[in-house]
Amino acid sequence: MDKKEIVNVLERISVLLELKGSNPFRTRAYQNAARALEASSISIGGDISAKELEKIKGIGSRIAEQIQALARDDDLDLLRELAEDIPPGVIDLLKIPTLGPKKIKYLYQTLKIENISELELACEENRLSGLPNFGPKTQENILKGIQSVKKYSGSFLYADIYKQAVEVLENIKSHKLVQKADLAGSIRRKKEIIRDIDMVAATDKPQQVMDFFLSLEQVSDVIARGASKSSIKLNTGIDVDIRAVSPLQYPYALHHFTGSKEHNTAMRSMAKKKRIKINEYGLFKNGTLIGCKDEKDFFNVFKMEYIPPELRENYGEIEAAKEGRLPKLVKKQDIKGIFHIHTDFSDGSMTMLQACSYLKGLGMQYAGITEHSKTAAYARGLKEAGIEEYFKEIEKVEKTLEDFTIFKGIESDILPEGELDYSDDILDEFDFVIIAIHSHFNMQEKKMTDRIITAIKNRHSTMLGHPTGRILLARDPYKVDIARVIDKASEYGVDLEINANPHRLDLDWRMVKYAKNKEVKIFINPDAHHLENLNDYMYGVDIARKGWLEAKDVANTMDRHKMRKYLKEKRSR
DNA sequence: GCCGTTTTCGGCCCGACTGTTTTCAGTCG
């Protein structure tokens with residue numbers, strides 16, 4: 001089993017233990033271990049040593065052994081035993097809001113409810129109402145929850161809901177009693193998938209702000225209404241939570257509601273050792289508030305650097321902030337040029353001139369045009385005969401634009417055996433080559449990994465495009481040992497792409513950090529087919545930041561002269 | 001199950017809201 005699968009197993013054990021009602025701290029130990037393993041840069045092979053694993057904080061002797069067993073045999077007695085006790089459908093019940101492990105366990109034991117459909121039927125037949133601690137309201141809420149899960153997946157793409165979030169936020173800000181308001185939660189942390197929108201408002205009259213919030217025209221349902229905290233469902237299906245606090249409490253509340261839960265837990269635990277209590281209202285030493293005017297002050301109380309929201313995942317940011325070694329995260333302004341652009345030469349809708357003029361208008365210095373290669377017939381991939389015309393067009397457009405460089409590129413398919421689909425002679429003519437998988441997704445992991453590594457070894461390869469092939473909320477990544485791919489990319493001097501298309505955001509930020517540790521450079525590319533997609537590179541910058549990247553880690557922060565030299569050196573390796 | 005400036009046992013983050021109760025457990029973030 002590879003690292004990612006082992007992380008999944010540990011998370012699964014945690015969920016199963018929770019459903020069994022085991023010691024909650026044991027449950028959390030597995031969760032923590034999963035995160036710790038995921039965040040570590042350790043490489044997992046069949047011969048991984050327990051000692052090596054135990055060095056990771058959060059992994060003790062017992063779990064180290066279990067990870068060893070998983071890496072070696074793909075098997076674990078504990079998991080098998082737990083899975084025998086609990087049918088797979090029961091785990092799905094956790095997706096239903098208002099339903100947690102305790103209630104699920106009870107329903108499973110008393111009513112033998114094993115999946116969502118059975119639960120729905122039981123609610124409709126009024127079998128829940130009347131059970132101890134279950135009343136008519138609970139039953140109704142569960143039914144509502146099931147409908148919501150069925151109708152919406154319960155998850156949303158960041159790009160799809162960001163606008164709605166800002167719209168609601170602007171509404172809140174417009175209220176005369178609101179002094180300050182910000183987005184918080186996963187959207188502020190720039191997670192690729194968002195389950196709900198969180199915001200915090202500073203006001204001296206929380207009740208009036210709550211009333212205003214609940215009366216917004218986008219509200220389709222009120223989930224909770226409290227004196228300082230409320231939740232609503234928007235008519236687009238996503239929930240919004242808002243918290244109103246006094247202006248004095250605002251920085252603490254903003255930190256609290258930005259999370260993540262794991263970051264907060266670790267911060268509180270750390271604070272507690274210094275006899276400081278953290279809650280959403282403040283930092284308290286012996287019951288006395290430690291004043292902070294903003295989040296920067298907040299971290300400063302613990303002699304920590306300010307931790308940007310993107311990094312607050314308890315992936316090592318707390319230790320790094322204490323030691324003053326947080327990265328200076330890459331910014332949108334650092335990006336000097338854009339690669340991975342499809343024009344109407346293959347399956348794009350814009351002309352080359354439109355794309356490049358637009359980028360120049362954004363202040364960019366260069367573009368790397370990449371049409372699909374010939375195997376991608378569905379996308380009108382370039383046949384050998386069309387390449388000369390393609391180059392001529394590039395040269396023509398380049399001449400019309402002053403101080404702007406266009407690099408001649410191709411997105412070359414990686415064929416099933418790992419070969420590229422043009423001859424060496426032809427590949428030699430391009431300034432750069434993005435290698436990528438577009439077919440034969442269903443391969444065994446080893447075969448897929450070897451296929452990609454074979455392509456990485458090709459001296460023409462500049463970078464690996466959308467490295468795992470995932471489509472968020474739609475298609476799983478193909479089976480690939482991405483850590484091994486990154487190791488080989490590092491060895492052979494091939495870069496990796498963060499595909500910034502909001503449906504992809506591939507490479508995943510967790511692995512971006514891994515790539516950084518392996519000194520693999522990253523290109524942030526929009527994979528644009530339409531003019532408006534060219535701006536998507538900004539989502540890629542968010543992901544790069546979330547993966548701890550600095551400007552020097554991102555290839556397309558180079559100016560156009562350095563980039564030309566860089567690409568040339570890559571070709572001659 | 002993990003961990004240690006309260007160290008090898010005894011803790012393990014903190015609070016709001018809901019729905020069920022009649023003082024609180026469960027869920028959520």
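A, B, ... follow the sequence lines: proteins, then strands. Residue 1 opens every chain.
Of the candidates B/dC2, B/dC28, B/dA16, B/dC2 carries the atom nearest the A/A29 side chain, counting heavy atoms from C-beta on. Relative to the side chain of A/S228, the nucleotides B/dC2, B/dA16, B/dC28 differ in distance, and B/dA16 lies closest. Closest contact between the side chain of A/N279 and the listed nucleotides B/dT20, B/dC14, B/dT27 involves B/dC14. Taking every side-chain heavy atom of A/H256 into account, B/dG29 is the closest of B/dG29, B/dG19, B/dC17. The A/R225 side chain lies nearest to B/dT18 when the options are B/dC14, B/dT18, B/dC28. In this structure, of B/dC17, B/dA16, B/dG29, it is B/dG29 that holds the atom nearest to the side chain of A/K261. When the nucleotides B/dG15, B/dT27, B/dC28 are ranked by their closest atom to the side chain of A/K102, B/dT27 comes out on top. Side-chain atoms of A/R275 lie closest to B/dT6 of the nucleotides B/dT6, B/dG1, B/dC17. Nearest nucleotide to the side chain of A/A224, out of B/dC17, B/dC12, B/dC2: B/dC17. Comparing B/dG29, B/dT20, B/dC2 by their closest approach to the side chain of A/T138 singles out B/dT20.
Across all strands shown, A/D241 has heavy atoms under 4.0 Å from sugar-phosphate atoms exclusively, and none from any base. Using a 4.0 Å heavy-atom criterion, one finds that A/A227 contacts the sugar-phosphate atoms exclusively. Within 4.0 Å (heavy atoms only), A/F134 reaches sugar-phosphate atoms of the nucleic acid but no base atom. Using a 4.0 Å heavy-atom cutoff across all strands shown, A/P101 reaches sugar-phosphate atoms only and no base atom. Within 4.0 Å of A/G259, counting heavy atoms only, lies no atom of the nucleic acid at all. Contact annotation for A/P136: backbone-only contact, meaning every heavy-atom pair under 4.0 Å involves sugar-phosphate atoms and none involves a base.
Rounded to an integer number of Å, the gap from NZ of A/K103 to P of B/dA25 is 13 Å. One atom, OH of A/Y252, and another, P of B/dG29, lie 26 Å apart when rounded to the nearest Å. Put simply, CG on A/D198 is 15 Å from C1' on B/dG15, counting in whole angstrom units. Atom CD in A/E313 sits about 13 Å away from atom C1' in B/dG29, given to the nearest Å. Atoms CD1 (A/I223) and P (B/dG26) sit 22 Å apart, rounded to a whole Å. The CD atom of A/Q249 sits 10 Å away from the P atom of B/dA16 (whole-angstrom rounding). The interatomic distance linking A/M210 (CE) with B/dA16 (P) rounds to 13 Å, in whole Å. When the P atom of B/dA25 is taken as reference, atom CG of A/N133 falls 9 Å away, rounded to whole Å.
Counting only heavy atoms from C-beta outward, the side chains of A/K331 and A/R545 approach each other to under 4.5 Å.
Here the separation of B/dC14 from B/dC9, taken at their P atoms, is 25 Å to the nearest Å. Distance noted for atom P between B/dG29 and B/dT22: 28 Å (whole Å). Across the C1' atoms, B/dG11 and B/dC17 are found 28 Å apart, a figure rounded to whole Å. The separation of B/dG26 from B/dT21, taken at their C1' atoms, amounts to 13 Å, rounded to a whole angstrom. Here the separation of B/dT27 from B/dT20, taken at their P atoms, is 13 Å to the nearest Å. Rounded to whole Å, the separation between the P atoms of B/dT6 and B/dG1 comes to 27 Å.
In this structure, A/N141 reaches the B/dG19 phosphate: one of its side-chain N or O atoms is under 4.0 Å from OP1 or OP2. Side-chain nitrogen and oxygen atoms of A/S231 include none within less than 4.0 Å of the OP1 or OP2 phosphate oxygen of B/dT18. For A/Y30 and B/dC2, the shortest distance from a side-chain N or O to OP1 or OP2 is not below 4.0 Å. When the side-chain nitrogen and oxygen atoms of A/K272 are compared with OP1 and OP2 of B/dC12, one or more of them lie within a distance under 4.0 Å.
Side-chain to base pairing of A/D196 with B/dG29: no donor and acceptor N or O lie closer than 3.5 Å to each other.
Figure legend. B/dA25 is base-paired to B/dT18; pairs are counted as Watson-Crick or G-U wobble with both atom distances under 3.5 Å.
A donor-acceptor contact under 3.5 angstrom links the side chains of A/D211 and A/Q207, judged on distance only. Remark: the A/Y514 side chain and the A/D487 side chain contain an N/O donor-acceptor pair separated by less than 3.5 Å. Using modelled atom types and a 3.5 Å distance limit, the side chains of A/S231 and A/D239 yield no donor-acceptor pair.
Nearest-nucleotide assignment on DNA chain B puts the 5′-proximal partner with A/G60, out of A/K277 and A/G60. Along DNA chain B, the nucleotide nearest to A/K137 and the one nearest to A/L99 differ in position, and the one closer to the 5' end is contacted by A/K137.
Listed for the A/S260 side chain is a donor-acceptor partner under 3.5 Å among the backbone atoms of A/R312. Between the A/S155 side chain and the A/I193 main chain, no donor and acceptor come within less than 3.5 Å of each other.
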Evaluate the side-chain hydrogen bond (donor to acceptor under 3.5 Å, both in side chains) criterion for residues A/E38 and A/Y315: first the C-alpha distance (whole Å), next the side-chain angles of each, then the deciding distance (0.1 Å), finally the verdict. CA-CA 8 Å; A/E38 190 172 43; A/Y315 265 63; 2.2 Å; yes
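Tested against A/H255, the residues A/Y281, A/F298, A/Y250, A/F302 include a single ring pair (Phe, Tyr, Trp, His ring centres under 6.0 Å) partner, A/F298.
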